[in-house]
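A short write-up of the structure that comes next.
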Amino acid sequence: MTSAEIRQKFLDFFASKGHQIVPSAPIVVKDDPTLMFINSGMAPFKDYFLGNKPAPYARVADTQKCLRVSGKHNDLEEVGYDTYHHTMFEMLGNWSFGDYFKKEALEWSWELLTEVYKLPKDRLYVSVFKGDSSDNLPMDQDAFNIWKTMIAEDRILMGNKKDNFWEMGDTGPCGPCSEIHVDLRSDEEVAKVPGKDLVNNDHPQVVEIWNNVFMEFNRLADGSLVKLPAQHVDTGMGFERLCMAIQGKQSNYDTDVFQPMIQYIAKEAGVTYGENEKTDIAIRVLADHIRAIAFTIADGQLPSNNKAGYVIRRILRRAVRYSFTYLNFKKPFLNTIVPVLADQLANVFPELKAQQAFVQRVIEEEENAFLRTLENGLKRLDSLQETFKANGNTIDGKTAFELYDTFGFPLDLTALIAKENGFTIDEAGFTTEMEQQKNRSRNAAATEQSDWVILQPDVETEWVAYDADQVEARVVRYRQVTAKNKKEFHIVLDRTPFYAESGGQVGDTGVLESAAGTVKVLDTKKENDLILHITAELPKDLEAPVVAKVDSKRRALIKKNHSATHLLHAALKQVLGDHVNQKGSLVSDKLLRFDFSHFTKVTEEQLREVEQIVNERIRESIEKDERRNVPIEEAKALGAMALFGEKYGDFVRVITFNKDFSIELCGGIHVQNTGNIGFFKIVSESSVAAGVRRIEAVTADVAEQFVDEQISQFEEVKQLLGVQKDFGKAIEKIQDENAALRKQLEAFELKQVTAQKEKLAAQVQNLDGINFLAARVEVSSADYLKKLAFDLRSVVDNLVLVLAADIDGKPQLAVMLSDEVVSGKGLNAVQMVKELAKEIKGGGGGQPFYATAGGKDVAGLDAALAKAEDFVQQELAK
């Protein structure tokens with residue numbers, strides 16, 4: 001049975017049991033501050049479990065893309081080394097929202113595994129929750145009794161809280177769970193050790209394949225449990241492990257989920273998979289990691305230096321390290337695997353195939369950047385070899401951590417390079433540095449939040465932002481949140497006109513007014529489907545009605561920028577081509593920022609054309625055509641643009657400004673007529689990442705102010721230049737004059753350096769058999785200081801040279817040694833300059849024969865020169 005058939009049989013089976021089959025949510029999370037990525041099949045359905053909104057269907061099944069590389073669920077370091085952990089994986093799941101419970105869930109899971117997939121019953125084990133006294137929870141007798149009707153009692157295992165009580169996080173819905181494990185060992189191995197002794201013991205062939213979670217409780221912030229108003233079922237089956245079991249393999253990587261990629265990688269690397277452990281691990285790392293990287297980029301998350309983007313960059317760099325070190329790929333290779341993956345999953349996850357070229361381009365550019373970083377790290381290691389030798393052939397923990405943190409070198413790669421060069425690593429020092437960084441990160445991210453105080457149970461928020469900017473409302477719930485010693489409150493209302501930050505549009509600000517006083521709303525955010533009004537205080541009377549009033553003036557500016565973003569998107573497609581797709585946006589009251597797929601810089605002519613088209617549409621005063629609750633397929637048939645990485649429901653909102661120009665699916669706030677925008681002006685165009693460009697623009701009053709400022713600056717420059725026309729010729733004349741003066745200055749400085757060289761060469765003294773000179777010189781730049789040092793080295797043999805200079809108020813030192821001094825006398829320019837740099841409160845480095853240092857204290861230059869002779873004499877005396 002192929003993996004595609006296995007997946008389809010799961011979906012067909014639960015469709016036959018009355019489940020609605022829904023598509024996978026994007027792997028990147030947009031509106032949940034507790035998650036960066038979907039890390040379990042249930043994550044897209046959190047609101048239904050939390051009671052924030054009713055589920056549209058009582059029964060649901062799907063295959064969900066998941067990623068586990070950060071936080072509580074972090075399998076990254078196991079990936080590649082074992083056979084069953086992955087970064088991205090598919091989670092097959094079926095859910096009941098207050099409908100069926102334990103009996104149906106367990107019976108159907110057994111039916112599917114044994115009757116449809118034909119897994120041997122004598123190789124299956126199940127576990128049930130044995131209870132926990134700390135939470136006053138009894139054994140899950142119901143699950144045990146249900147299993148007894150299907151499987152022998154000696155195959156029903158008792159599980160502790162760690163293994164058989166599932167929790168979403170520190171707080172939230174939770175409950176006992178019942179796992180199903182399969183024993184894939186040979187008959188000979190099974191005869192020696194019973195499978196039940198290996199369950200949950202990290203045995204690669206005795207693995208969990210399905211977990212049935214029974215959501216019965218809600219964990220509060222104080223650790224206590226309360227019963228949920230309805231009981232739910234949340235199941236998850238690891239697709240890759242299931243394929244391993246059904247296809248009779250000993251490893252997930254031996255299934256047809258991974259083999260097409262593995263064989264491609266092995267062929268390109270010129271190795272055979274299965275012959276060498278190190279290359280096998282590297283191949284598995286690449287085959288696994290490319291899935292996580294490709295799908296997160298396709299779902300809208302570009303690699304970057306913070307948050308979710310940093311997680312993706314880290315996975316990508318781990319893959320490049322393995323391909324570089326163990327498979328000898330010195331040029332970008334990872335991106336070439338994308339077509340293999342895209343073709344394999346085109347019918348399941350078509351978003352990757354649709355963006356194949358874009359995803360490849362982003363990955364290739366990231367690979368190039370990291371390969372350069374690797375090269376720089378290797379140079380850094382090479383430059384420090386003398387220091388390591390002086391340190392007992394040991395790479396200190398701080399340097400090892402710097403290589404990890406700055407250059408992406410994991411400890412094992414640094415250890416490999418160290419071993420090749422006869423060094424060891426201070427691993428304890430590395431661990432200390434790593435722990436200090438983790439503590440800094442924990443402290444920076446630490447937040448405390450109280451449980452929700454519910455004032456009106458089972459009340460949903462009526463959202464009226466499209467039709468009003470103020471309404472009367474009541475507080476439904478609230479909580480207190482403390483982050484970085486700053487206290488704020490999150491308030492949920494039964495009705496609200498406030499727009500919560502989403503889709504690139506910032507959240508509204510405003511006030512909550514009541515007879516008892518006014519509370520400022522500082523921001524509005526969304527947590528899953530809850531609209532949170534963020535305030536610094538609570539209303540004095542929480543049960544009294546309030547008037548929720550949006551800052552209308554600010555919202556009007558936001559509207560203009562949001563509608564202008566739609567016009568910009570359409571204009572870019574018209575000018576640059578249909579490949580242009582939105583990759584991110586920011587819409588605020590001050591500006592609009594639009595990121596889009598495009599592989600080259602947008603020219604000035606193209607920008608002017610885009611700007612002209614947008615302003616033409618504004619002057620046409622096009623009426624907004626807003627259609628709400630449009631079936632998603634009907635909206636797509638209309639030509640509405642759906643953004644990759646966005647999660648759309650069965651019904652959507654369509655915003656049109658001229659059906660032949662701009663039709664988009666959008667939940668944001670817009671002007672009624674494009675004429676309301678007034679005026680549109682692009683202020684910058686730049687690169688964000690490989691294949692992604694960014695345009696920033698302003699509208700209305702802000703655009704007029706920008707143009708006025710530009711004109712004022714232009715007039716000021718004209719006055720300074722003393723010209724009123726032929727402005728370009730005046731600039732060219734100044735540039736020519738500057739170039740001529742620069743040449744004269746360079747000639748003068750070279751002449752000065754030559755004169756100083758001859759003067760300094762005559763001042764060289766004999767010091768214990770070497771030619772020694774320590775002198776202060778006059779140069780205008782570090783480049784001329786370096787030239788002077790090398791010029792002296794070329795005319796004076798057996799030289800130890802120390803030069804000091806004040807360059808624009810900053811102290812600079814240069815130490816130059818002849819080769820015979822380095823090899824014959826054992827002197828080292830790096831060690832010498834670091835010692836002398838203490839006098840100028842600085843530091844430096846370089847190579848054994850030439851090193852430089854900068855500092856903060858110009859007054860210390862003379863002391864550094866005086867110290868040089870003593871230092872040299874002490875070193876020669878050793």
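For the pair Lys560 and Phe680, the NZ or CZ position fails the cation-pi test of under 6.0 Å to the six-membered ring centre and within 45 degrees of the ring normal. A cation-pi arrangement is present between Arg653 and Tyr466, with the terminal nitrogen or guanidinium carbon under 6.0 Å from the aromatic centre and inside a 45° cone about the axis. Figure legend: Arg617 and Phe661 shown as a cation-pi pair, the cationic atom lying under 6.0 angstrom from the six-membered ring centre and within 45 degrees of its axis. Note that Lys65 lies in the cation-pi zone of Phe349, set by a 6.0 Å cut-off to the ring centre and a 45° limit from the axis.
The backbone N or O of Gly691 sits nowhere less than 3.5 Å from a side-chain atom of Arg361 that would complete a donor-acceptor pair. Without hydrogens or angle criteria, Gln355 side chain to Glu351 main chain gives a donor-acceptor distance under 3.5 Å. A donor-acceptor contact shorter than 3.5 Å is absent between the side chain of Glu501 and the backbone of Lys525.
In this structure Gln606 satisfies the side-chain contact (heavy atoms from CB on, under 4.5 Å) test together with Val575, Leu576, Val602, Thr603, sequence neighbours excluded.
Of the options Asn673, Thr656, Asn658, a side-chain hydrogen bond (donor to acceptor under 3.5 Å, both in side chains) to Glu623 is made by Asn673 and by none of the others.
Using modelled atom types and a 3.5 Å distance limit, the side chains of Arg479 and His490 yield a donor-acceptor pair. For the residue pair Gln301 and Thr296, no side-chain donor N or O sits within less than 3.5 Å of a side-chain acceptor on the partner. Between the side chains of Glu367 and Asn335, at least one donor N or O lies within less than 3.5 Å of an accepting N or O. Side-chain contact of Thr524 with Asp508: a donor-acceptor pair under 3.5 Å is absent, judged by distance alone. Looking only at atom types and distance, the side chain of His569 has a donor-acceptor partner in the side chain of Glu664 under 3.5 Å away.
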Decide yes or no on side chain to side chain donor-acceptor pair (under 3.5 Å) for His579 and Ser597, but give the supporting numbers first. CA-CA 7 Å; His579 66 277; Ser597 51; over 6 Å; no

Side chain to side chain donor-acceptor pair (under 3.5 Å) for Glu513 and Thr518? Distances and angles first, verdict last. CA-CA 4 Å; Glu513 293 180 343; Thr518 298; 4.5 Å; no

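Counting only heavy atoms from C-beta outward, the side chains of Lys681 and Phe706 approach each other to under 4.5 Å. Here the side chains of Ile613 and Gln574 are in contact, with some heavy-atom distance below 4.5 Å. Using a 4.5 Å heavy-atom threshold, the side chains of Phe679 and Asn615 count as touching. With contacts defined as side-chain heavy-atom distances shorter than 4.5 Å, the pair Phe498/Asp523 does not qualify. Residues Leu638 and Arg627 have side chains in contact (heavy-atom distance under 4.5 Å, counting atoms from C-beta outward). Taking 4.5 Å as the limit, some side-chain heavy atom of Ile695 sits within range of a side-chain heavy atom of Leu607.
Between Trp463 and Tyr499, the ring-plane angle classifies as tilted under the 30° and 60° cut-offs.
Residues Asp62 and Arg7 are not paired through a salt bridge, judged by the lack of any N-O separation under 4.0 Å between the basic side chain and the carboxylate. In summary, Arg694 and Asp595 engage in a salt bridge, as defined by a charged side-chain N under 4.0 Å from a carboxylate O. Using a 4.0 Å cut-off between a side-chain N of Lys or Arg and a carboxylate O of Asp or Glu, Asp343 and Lys353 qualify as a salt bridge.
A ring-centre distance under 6.0 Å is found for Tyr48 and Phe97. Tyr478 and Trp452 have their aromatic ring centers separated by at least 6.0 angstrom.
The two residues Leu665 and Ala635 make their nearest non-hydrogen contact at CD2-CB, 3.6 Å.
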